[in-house]
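Report on the following structure.
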4 protein chains.
Amino acid sequence: MTAVTRSPGPTTSVDVAEAVRAVRASSRRRQLLDAAVTVMGRTGFHQMSMQALADEAQVSVGLFYKYFGSKEDILLAAIVDILEAFRDQLQPAMDLAGDDPVLQLMAGFRRYASIVDENRDAVVLTYRESRTLDAAGRDRIKELEVETSAPMRSVITAGMADGLMNEVDADLVVFDLMMLAHGWALKHWHFAPGYELDSYVAAQLRFALPTLLVPDKLDEYLTQI
Amino acid sequence: MTAVTRSPGPTTSVDVAEAVRAVRASSRRRQLLDAAVTVMGRTGFHQMSMQALADEAQVSVGLFYKYFGSKEDILLAAIVDILEAFRDQLQPAMDLAGDDPVLQLMAGFRRYASIVDENRDAVVLTYRESRTLDAAGRDRIKELEVETSAPMRSVITAGMADGLMNEVDADLVVFDLMMLAHGWALKHWHFAPGYELDSYVAAQLRFALPTLLVPDKLDEYLTQI
Amino acid sequence: MTAVTRSPGPTTSVDVAEAVRAVRASSRRRQLLDAAVTVMGRTGFHQMSMQALADEAQVSVGLFYKYFGSKEDILLAAIVDILEAFRDQLQPAMDLAGDDPVLQLMAGFRRYASIVDENRDAVVLTYRESRTLDAAGRDRIKELEVETSAPMRSVITAGMADGLMNEVDADLVVFDLMMLAHGWALKHWHFAPGYELDSYVAAQLRFALPTLLVPDKLDEYLTQI
Amino acid sequence: MTAVTRSPGPTTSVDVAEAVRAVRASSRRRQLLDAAVTVMGRTGFHQMSMQALADEAQVSVGLFYKYFGSKEDILLAAIVDILEAFRDQLQPAMDLAGDDPVLQLMAGFRRYASIVDENRDAVVLTYRESRTLDAAGRDRIKELEVETSAPMRSVITAGMADGLMNEVDADLVVFDLMMLAHGWALKHWHFAPGYELDSYVAAQLRFALPTLLVPDKLDEYLTQI
DNA sequence: CATGAATGAGAGTTCATTCAT
DNA sequence: TATGAATGAACTCTCATTCAT
């Protein structure tokens with residue numbers, strides 16, 4: 001399962017051999033990281049032995065130590081990976097929604113939730129294991145989370161400036177939206193029987209939009225959910 | 001720190017000596033559990049060694065094994081402890097708020113959030129370590145969480161029946177409210193600089209009430225937050 | 001094999017229970033250290049696995065880590081142990097030889113060599129493994145070696161002052177004597193077939209004394225070897 | 001650092017290309033061996049990883065396995081290398097000293113010490129790591145050491161036969177001289193601050209010659225040191 | 001009721017060695 | 001000839017658990 005959708009990056013291959021090696025190395029890294037997320041999702045970080053991890057990835061234990069400095073490094077890499085996906089994919093998805101701040105916000109939330117859905121294990125991981133990391137790792141995570149929240153926050157600020165949205169605490173609203181999206185992973189045991197991702201997103205938008213929109217605008221958007 | 005406010009329980013003290021012993025035993029248990037929550041809050045369950053735990057509680061390692069069957073038992077006890085506090089204290093707090101379902105809901109959320117505040121370590125623990133438990137333990141947790149949600153769910157159902165509240169997905173709303181309350185513990189690093197518990201509760205109520213109330217009722221309640 | 005002869009130390013047992021525990025602990029430490037020297041003598045420090053060590057000492061691996069911080073600590077303790085034996089037992093042995101500096105020196109060398117003989121493994125260890133230690137450990141060793149050399153150096157200085165001995169480089173002579181004594185352990189494979197400890201000591205004294213004594217005094221002492 | 005001065009060996013170059021290859025191979029071998037001695041001198045055999053060794057030699061790990069069968073083989077080769085230098089260079093150096101057995105012995109000791117000086121790391125290695133080798137390797141070392149001692153032993157025997165030297169245990173004296181020369185490497189931390197190689201050699205000759213020479217001959221040679 | 005010395009299985013990590021390129 | 005990615009056995013060290021006192 002290679003859930004994290006990553007941007008390919010420009011390959012200005014000066015040296016072919018080196019490029020090939022780099023690609024192979026990078027795909028190796030992905031393979032290892034994916035295996036790690038899978039196993040951690042199944043058993044948790046601490047219960048995961050390096051041997052079990054190696055078995056899952058179908059490589060030797062030692063190989064992990066060529067790509068990561070330590071077991072904890074693997075955890076950090078896995079968490080940073082998913083958080084970067086959030087950060088990098090939110091703005092583009094919102095841009096596609098046109099100029100309307102409300103529609104942009106809705107698109108942002110929808111994309112956010114779908115990334116959560118594609119990486120449920122990894123999202124749970126960010127909650128479960130961030131305290132496992134050292135201070136530097138934790139700071140990196142918090143930083144990424146704040147960066148991720150930026151596009152949705154600015155669109156709310158813009159909406160308020162335009163008079164489209166009520167005066168709210170934009171920062172709080174954004175973190176609430178992110179938490180509700182995380183809920184799809186965190187409380188999946190509870191929601192999965194009754195919801196699909198789409199219906200969950202729709203329900204949460206119906207929950208959250210009323211605080212943002214004046215009554216007469218609300219209906220207009222609710223029908224578009 | 002004995003954060004969990006627990007109901008005293010009926011003391012049918014037939015034999016004084018036995019009662020004293022029971023109390024001491026129970027206070028011992030509390031002492032040990034409090035120490036466990038403290039250490040786990042600091043380092044996490046897996047990083048906590050039984051020796052460190054014994055040092056924190058100022059007793060020997062062996063003593064823990066008189067009160068708990070295993071290290072994992074301690075974790076389960078600590079988590080169940082906090083979840084029982086939620087379950088047992090929500091209804092009473094809501095009863096004190098009178099008959100108005102909206103005011104009851106607000107009181108319930110407020111009480112929920114204040115328990116979260118008093119047991120931030122333990123709440124984070126429920127997110128971090130529930131996967132550590134075996135299936136039976138996890139089921140117990142889920143069960144308690146569902147039980148806890150009952151009072152708030154019924155009051156919303158009642159509010160909708162009375163026409164006081166909009167038609168919403170009551171279950172989803174309750175879980176959302178609980179998640180937002182948990183947010184005070186989970187994202188404390190983000191919210192603590194800008195919020196006190198009271199202002200956090202007020203802000204979240206302003207966020208959540210619009211979805212529940214018809215516009216003309218909304219203002220009336222918002223002023224009471 | 002408990003080769004290192006150690007001074008018992010005063011036991012002002014205020015608290016009997018504690019004293020008993022202390023004694024037991026100290027004898028444990030000796031037991032573990034003796035096992036370590038034995039195994040290291042057999043296989044060398046790096047080839048010695050902690051499991052093999054535990055097997056030799058007939059205890060569990062974990063127990064070693066209650067008494068020593070790390071494998072390297074065991075090595076340092078073993079080396080320091082033997083070097084302290086040299087340092088502590090040389091002066092007393094020399095004092096027993098009376099006032100004559102030459103006789104004192106001979107007694108010192110004889111005692112030094114007999115400690116070497118009783119701790120051949122440990123002596124070889126000091127040569128083989130001192131580079132294994134960290135800088136602090138190596139410094140401790142050098143310090144002890146210099147301290148050990150003090151009694152023999154002063155007796156030579158005294159002998160020269162009295163006119164009993166020729167003018168020599170006292171420090172060099174002492175280090176030479178120590179190296180020749182070490183030779184009994186280091187080159188045991190070569191000397192053992194032809195020498196007993198006593199004859200080795202005698203031969204080395206015959207080798208070393210001529211440089212120290214004027215010809216007419218020499219014969220007098222050589223007959224006493 | 002190519003400290004070991006090695007005899008070129010007979011180059012019966014039938015085929016030039018092959019000779020070139022052989023030379024290159026042999027210089028490769030030297031390069032690898034020198035790197036090994038350097039790293040081992042710095043860190044010890046066991047602490048030296050093949051990767052560190054390859055880095056030092058600026059080649060790949062795999063290449064070492066073209067020239068040596070195993071890591072232990074490298075150690076053996078390094079030790080044998082230095083011991084062969086001793087064995088091969090002692091007799092020629094002594095021959096240059098003329099016919100006088102005493103002067104020959106002095107020249108032998110001086111050469112021996114200077115080889116020690118040029119290969120301090122390697123000499124320490126022979127003490128530190130010989131136990132690391134298997135029985136066959138250890139036997140090879142002992143054999144070489146005995147072979148090395150031969151020229152000095154025969155010159156002493158000759159000296160005694162000529163009546164130039166006192167009756168001594170020739171074998172013991174030679175081993176003592178070698179140990180004292182080794183001391184320049186083994187106790188370099190102690191002697192280096194006060195001695196140069198030359199003054200160390202001189203001091204040790206003043207220490208050792210009195211046992212060999214009758215008093216009236218002694219002065220004559222001491223002035224030539 | 002309370003202790004803490006002792007256990008030993010299992011963890012993360014390293015590294016000599018191989019082999020396809 | 002030379003590389004270095006990959007292996008996996010073996011290592012040191014930790015720590016939950018027990019039990020004699």
Side-chain angles (χ1 to χ4, degrees), chain A residues 17 20-21 24-25 28 32 45-55 57-74, chain B residues 21 24-25 28 32 45-55 57-74, chain C residues 17 20-21 24-25 28 32 45-55 57-74, chain D residues 21 24-25 28 32 45-55 57-74:
Chain A
V20 166
R21 197 190 315 148
R24 194 189 303 152
R28 258 291 193 230
L32 301 188
F45 173 75
H46 289 96
Q47 275 95 329
M48 173 189 77
S49 74
M50 290 302 294
Q51 189 53 62
L53 180 47
D55 290 348
Q58 309 233 52
V59 298
S60 68
V61 207
L63 193 58
F64 268 89
Y65 287 86
K66 296 268 191 259
Y67 289 87
F68 305 94
S70 68
K71 194 187 171 195
E72 193 175 318
D73 269 8
I74 299 174
Chain B
R21 198 187 316 146
R24 192 189 302 152
R28 258 292 195 229
L32 301 188
F45 173 75
H46 289 97
Q47 276 94 329
M48 173 189 76
S49 74
M50 290 301 293
Q51 190 54 61
L53 182 46
D55 290 348
Q58 311 232 50
V59 297
S60 69
V61 217
L63 194 58
F64 267 89
Y65 286 86
K66 303 283 186 220
Y67 289 88
F68 304 95
S70 69
K71 193 187 171 193
E72 194 175 312
D73 270 7
I74 299 173
Chain C
V20 166
R21 198 189 315 148
R24 194 189 303 153
R28 258 289 194 232
L32 302 187
F45 174 76
H46 289 97
Q47 274 96 328
M48 173 189 77
S49 75
M50 289 304 293
Q51 189 55 61
L53 181 46
D55 290 348
Q58 310 233 51
V59 298
S60 67
V61 199
L63 194 59
F64 267 90
Y65 288 87
K66 296 268 191 261
Y67 289 87
F68 304 95
S70 67
K71 193 187 172 193
E72 194 176 302
D73 268 9
I74 298 173
Chain D
R21 198 186 318 146
R24 193 190 302 151
R28 260 291 197 229
L32 302 189
F45 173 75
H46 289 96
Q47 275 95 327
M48 172 189 77
S49 73
M50 289 300 294
Q51 189 54 61
L53 182 46
D55 290 348
Q58 310 232 52
V59 298
S60 69
V61 217
L63 194 58
F64 268 89
Y65 286 86
K66 303 281 187 224
Y67 290 87
F68 304 94
S70 69
K71 193 187 171 194
E72 195 175 313
D73 270 7
I74 299 173

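Lettering of chains follows the sequences in order, A, B, ..., and the numbering in each one begins at 1.
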5'-most by nearest nucleotide on DNA chain E - C:Val61 or B:Val61
B:Val61
Closest of F:dT7, F:dA16, E:dG8 to the B:Tyr65 side chain is F:dA16
Closest of E:dA6, E:dG12, F:dT3 to the A:Ser49 side chain is E:dG12
Quick note, A:Arg28 side chain, CB onward, closest among F:dT12, F:dA6, E:dT3 is F:dA6
A:Leu63 atom CG is separated from E:dC19 atom C1', nearest whole Å, by 15 Å
About how many Å separate CG of A:Leu32 and CZ of A:Phe64, when rounded to the nearest 0.5 Å?
4.5 Å
Any base atoms under 4.0 Å from C:Met50, or only sugar-phosphate, or nothing? Heavy atoms, all strands.
sugar-phosphate
Assuming nearest nucleotide by heavy-atom distance, tell me which of B:Lys66 and A:Ser70 is located more 5' along DNA chain E.
B:Lys66
In Watson-Crick or G-U wobble terms, with both distances under 3.5 Å, the base opposite F:dC11 is E:dG12
In the strands shown, is E:dT21 matched to any nucleotide by a Watson-Crick or G-U wobble pair with both distances under 3.5 Å, and which?
F:dA2
Provide, to the nearest angstrom, the distance between the CD atom belonging to D:Gln51 and the P atom belonging to F:dG4.
9 Å
With a 4.0 Å limit, can you tell me whether A:Ser60 has a side-chain N or O closer than that to the phosphate oxygens OP1/OP2 of F:dG8?
no
Spacing of D:Leu32 atom CG relative to F:dT1 atom P, expressed in whole Å
12 Å
Within this structure, what is the NE2-to-P distance between C:His46 and F:dA10, rounded to whole angstrom?
18 Å
Does the side chain of D:Ile74 come within less than 4.5 Å of D:Leu53's, by heavy atoms?
yes
Which listed nucleotide (F:dT3, E:dC1, E:dA16) is nearest to the side chain of D:Val59?
F:dT3
Toward the 5' end of DNA chain F, by each residue's nearest nucleotide, B:Phe45 or C:Glu72
C:Glu72
First locate atom NZ of B:Lys66, then atom OG of B:Ser60, and finally report the distance between them rounded to the nearest 0.5 Å.
8.5 Å
Just the rounded figure in Å: distance from C1' of E:dC15 to CZ of A:Phe64.
18 Å
In whole angstroms, the gap separating P of F:dC15 from CG of B:Asp55 amounts to 13 Å
Would you say the side-chain atoms of A:Lys71 pair up with the backbone N or O of A:Ser49, donor to acceptor, closer than 3.5 Å?
no
Could you report the tightest heavy-atom contact between B:Met50 and B:Tyr65, atom names first, then the distance?
CE-CE1, 3.6 Å
What is the distance, to the nearest angstrom, from the NZ atom on D:Lys71 to the P atom on E:dT14?
15 Å
Between C1' on F:dT12 and CD on C:Gln47, what's the gap in Å once rounded to a whole number?
16 Å
